[in-house]
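What you are looking at is a predicted structure, and each value in this text was computed from that prediction instead of being measured. Values below: all heavy atoms of this structure, side chains included; hydrogens, waters and symmetry mates excluded.
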Amino acid sequence: MMEIKRKMGIAHFARRIKQPRGIWVKMAFIVVLGLCFVFFWSFLSSYASSFNVQRESFDDIAEPVSSRTKPARNEVTESSKSHERSKVESGSKSKEGRHVGGSVHKHETKKKKEHVVVSHPHKKKDLPKPVVVVEEEAVVKEVQEQVEAETEDSESNKEDGEDGTESDGNEGESDQNGDESSASVDEEVEEKKEEVEISKKRKRKGPVFDPKAEYSWRLCNTRSKHNYMPCIDNDGLIGRLQSYRHRERSCPKKPVMCLVPLPHDGYDPPVPWPESKSKILYKNVAHPKLAAYIKKHNWVNESGEYLTFPQNKTAFSGNVLQYLEFIQEMVPDIEWGKNVRIVLDIGCSESSFVAALLDKDVLTVSLGLNDDLVDLAQVALERGFPTFVSALASRRLPFPSGVFDIIHCSACRVHWHSHGGRLLLEMNRILRPNGYFILSSNNEKIEDDEAMTALTASICWNILAHKTEEASEMGVRIYQKPESNEIYELRRRKNPPLCKENENPDAAWYVPMKTCLYEIPSAIEQHGAEWPEEWPKRLETYPEWLTNKEKAVGDTDHWKAMVNKSYLTGLGIDWLHIRNVMDMTAIYGGFAASLVNQSVWVMNVVPVHSPDTLPFIYERGLIGIYHDWCEPFGTYPRSYDLLHADHLFSRLKNRCKQPASIVVEMDRLTRPGGWVVVRDKVEILEPLEEILRSLHWEIRMTYAQDKEGMLCAQKTLWRP
């Protein structure tokens with residue numbers, strides 16, 4: 001009966017539609033269908049967008065394998081079982097400490113090739129002919145196979161060690177003010193884990209660069225204009241309504257494919273070193289707020305077209321050399337340039353501290369905080385001082401644990417005791433056992449002083465000195481990190497607690513800060529267990545915890561020969577105008593070690609997808625940083641005179657969504673007149689050369705043999 005009524009109703013509705021006034025029924029029916037379609041389509045679009053907003057530049061992000069990981073007792077030596085062994089080593093840690101695993105310092109030795117010079121049709125006639133270093137092809141192939149195997153082992157280990165990125169359970173109790181930010185960071189870490197899994201399923205094959213691609217360039221239209229730092233500055237419509245910079249590192253959803261414009265008044269070749277210590281070209285670092293800053297401070301003066309930095313006028317009211325002597329008098333064990341080689345200076349001010357330490361053979365890395373709206377970090381880079389820009393909020397700094405001899409903070413305006421003391425605990429993580437934390441300030445609030453005293457006592461830092469330097473009237477406090485774990489057990493209150501044993505202290509890429517204490521290395525097989533040799537002996541010292549010492553020695557010898565025979569004389573590079581250098585794929589730091597007698601400093605970048613060798617680079621008295629080249633680097637445009645990329649693109653293996661964006665980033669990092677030296681496979685170098693030509697770079701030299709080659713190019717002033 002119901003079925004008959006339903007059919008009668010449908011027939012009645014059809015007759016109504018056929019009637020003249022049925023047109024309104026038809027229209028109503030169409031509107032209802034349209035609304036249903038719109039609703040259904042919006043539902044599908046919102047569902048799809050949840051996948052589109054995920055960044056594809058974190059394909060292999062995971063915690064790097066700790067160089068303190070303890071190896072399994074029954075270590076398997078067969079190469080066919082190296083992957084299984086790496087998993088065992090990364091997961092096995094005892095109370096005695098985290099030892100070096102067999103795969104931890106397995107690293108890519110720089111590939112050595114036999115090359116034949118090939119003159120480029122556009123090569124200038126006055127350029128010298130390159131000197132070719134000839135090596136055995138059999139050794140080259142063996143090294144290539146080891147490199148690929150070790151990189152795969154490292155990626156497996158890093159994926160196995162991702163559990164360490166989870167937030168510590170005790171963090172919520174001691175960090176009430178930072179709960180929301182920590183939770184958001186943890187959520188982001190979890191999202192990146194999911195992206196790693198997704199990336200495994202969609203690995204692309206084929207060449208790194210599309211040989212058929214054509215490029216048309218445009219200038220970036222961003223709020224920060226010629227000083228654009230993509231992962232630090234807010235850009236776009238929403239960014240213009242928000243703060244000038246992100247609170248934490250946050251990269252654009254799509255790869256950056258625009259070019260950063262030159263400063264408003266153009267850009268001239270920078271003042272060469274060492275003259276740049278005392279003066280730089282003003283227009284190269286021009287900034288609206290810098291002009292107002294200069295009027296209020298006497299350590300920098302505007303003199304015609306230059307900014308000058310008088311040695312007798314510094315942020316330290318007295319002479320900065322007196323300040324250094326005052327520190328060493330208080331703590332005689334601080335022997336600048338011998339016992340102390342690597343220093344981290346928090347906050348870029350006028351850099352006189354960094355300049356004075358350079359004269360004492362101390363290499364200081366300046367951390368330019370992202371709230372530096374005057375861009376003093378850019379001034380420091382223009383002067384030729386090692387500097388990078390980062391937030392200091394809730395994520396770890398991109399350094400391994402226990403690598404800095406001294407951390408210095410002079411009026412850096414950091415509230416170390418806030419948020420459960422997580423910022424000071426981060427300094428404790430990267431400070432070497434027995435290392436020094438120097439805090440100096442003119443104006444100290446009693447509340448801050450009391451909070452700092454309580455916090456340093458809770459983490460067992462020993463205060464070695466607390467005096468006022470008469471010339472500068474600065475109160476200087478020198479703390480020392482303990483050298484053993486015994487003192488941690490003597491604390492009445494175990495707050496902050498010890499970190500969990502399975503947490504990796506070397507994990508630093510997109511990893512939230514922890515409000516816990518990592519155990520101090522105690523075994524000789526652990527990095528950080530002993531203080532390094534005095535400089536310069538530490539440069540050629542290979543510690544007990546380093547596996548594959550033969551590869552490290554071979555890497556050093558290889559680059560010493562290459563640099564002396566080819567790079568210094570055969571590439572047409574004027575090294576008198578080279579100061580800031582970056583090795584984009586540092587392994588054991590051999591390239592940087594070969595340049596130690598030149599008037600340059602080298603930022604050694606260890607890619608996050610590569611085996612973790614950064615602790616060893618610091619151990620030998622060099623500096624470096626972790627980075628993922630699928631993202632822009634944390635520094636200002638026009639920061640470096642020379643970029644060196646040894647098999648960078650072939651090792652990425654299509655990890656990045658748009659590999660050409662790495663070339664755009666190289667263009668951003670390099671100063672006009674600066675150089676790029678790329679060693680890679682010919683199938684990569686050929687399309688790379690075309691991309692550089694489209695950017696109007698001058699190809700100075702190319703040569704190749706046996707599918708391997710080298711490209712040397714120089715940036716021009718061209719902008720679209």
Pairwise distance [atom1]([X]) to [atom2]([Y]) - rounded to 0.5 angstrom:
X	Y	atom1	atom2	answer
Glu631	Cys656	CD	SG	9.0 Å
Arg396	Tyr626	CZ	OH	10.5 Å
Asn428	Ser401	CG	OG	10.5 Å
Lys514	Arg422	NZ	CZ	12.0 Å
Ser366	Leu381	OG	CG	8.5 Å
His415	Leu424	NE2	CG	14.0 Å

Should [X] and [Y] count as side-chain neighbours, where that means a heavy-atom distance under 4.5 Å?
X	Y	value
Phe591	Asp646	no
Val678	Leu648	no
Leu622	Val602	no
Val208	Leu652	no
Gln598	Leu568	yes
Glu540	Thr556	yes
Ser276	Arg579	no
Thr585	Arg651	yes

Just by modelled atom types, is the [Y] backbone N or O under 3.5 Å from a matching donor or acceptor in the [X] side chain?
X	Y	answer
Asp555	Lys551	no
Thr613	Tyr588	no
Arg432	Phe404	no
Glu544	Glu525	no
Lys657	Lys254	no
Arg395	Arg249	yes
Asn604	Gly589	no
Glu426	Leu397	yes
Arg638	Pro672	no
Lys277	Ala355	no

Quiz item: Quick one: do the Asp345 and Thr364 side chains pair a donor with an acceptor below 3.5 Å?
Solution: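 No, Thr364 and Asp345 have no side-chain donor paired with an acceptor closer than 3.5 Å.
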Exercise. Check the side chains of His644 and Tyr567 for a donor-acceptor pair under 3.5 angstrom, ignoring hydrogens and angles.
Key: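 There is such a pair between these side chains.
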Exercise. Quick one: which residue pairs count as a side chain to side chain donor-acceptor pair (under 3.5 Å) with a foot in residues 528-539, not counting sequence neighbours?
Key: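 Side chain to side chain donor-acceptor pair (under 3.5 Å) check on residues 528-539 returns Asn339-Trp531, Asp405-Arg538.
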Quiz prompt | Pair Leu539-Val596, side-chain contact (heavy atoms from CB on, under 4.5 Å): steps then yes or no | solution = CA-CA 9 Å; Leu539 182 66; Val596 74; 3.9 Å; yes
For [X] and [Y], work out which heavy atoms get closest and say how close.
X	Y	result
Gly384	Trp601	O-NE1, 3.2 Å
Val256	Ser661	O-CB, 3.6 Å
Pro607	Trp629	CG-CD1, 4.3 Å
Thr635	Arg668	O-NH1, 2.9 Å
Ala586	Val606	O-CG2, 4.0 Å
Ile346	Cys409	CB-CB, 4.5 Å

Quiz prompt | Aromatic plane relationship, Phe616 with Tyr542 - under 30° parallel, 30 to 60° tilted, over 60° perpendicular | solution =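 Judged by the thresholds at 30° and 60°, the geometry between Tyr542 and Phe616 is parallel.
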Quiz item: Would Val354 and Thr387 satisfy side-chain contact (heavy atoms from CB on, under 4.5 Å), going step by step from the backbone distance to the final call?
Solution: CA-CA 10 Å; Val354 178; Thr387 308; over 6 Å; no
Self-check item: Candidate pair Asp667 and Leu259, rule side-chain contact (heavy atoms from CB on, under 4.5 Å), full reasoning
Solution: CA-CA 8 Å; Asp667 181 88; Leu259 304 182; 3.9 Å; yes
Quiz item: What residue among Phe353, Tyr479, Trp336 forms ring-ring contact (aromatic ring centres under 6.0 Å, His included) with His408?
Solution: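 Running ring-ring contact (aromatic ring centres under 6.0 Å, His included) over Phe353, Tyr479, Trp336 with His408 returns exactly one hit, Phe353.
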Quiz item: Pick from Trp509, Phe388, Tyr510: which one makes a ring-ring contact (aromatic ring centres under 6.0 Å, His included) with His627?
Solution: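 Of the listed residues Trp509, Phe388, Tyr510, the ring-ring contact (aromatic ring centres under 6.0 Å, His included) partner of His627 is Trp509.
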Quiz item: Would the Tyr436 and Trp461 ring centres measure less than 6.0 Å apart?
Solution: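 No: the rings miss the under 6.0 Å criterion.
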Quiz item: Which disulfide (SG to SG under 2.5 Å) pairs, counting each pair once, include a residue from residues 578-613, with sequence neighbours left out?
Solution: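 For residues 578-613, and leaving out neighbouring residues, there are no disulfide (SG to SG under 2.5 Å) pairs at all.
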Self-check item: Worked verdict on Gln480 versus Asn434 for side-chain contact (heavy atoms from CB on, under 4.5 Å)
Solution: CA-CA 6 Å; Gln480 188 175 32; Asn434 256 352; 3.5 Å; yes
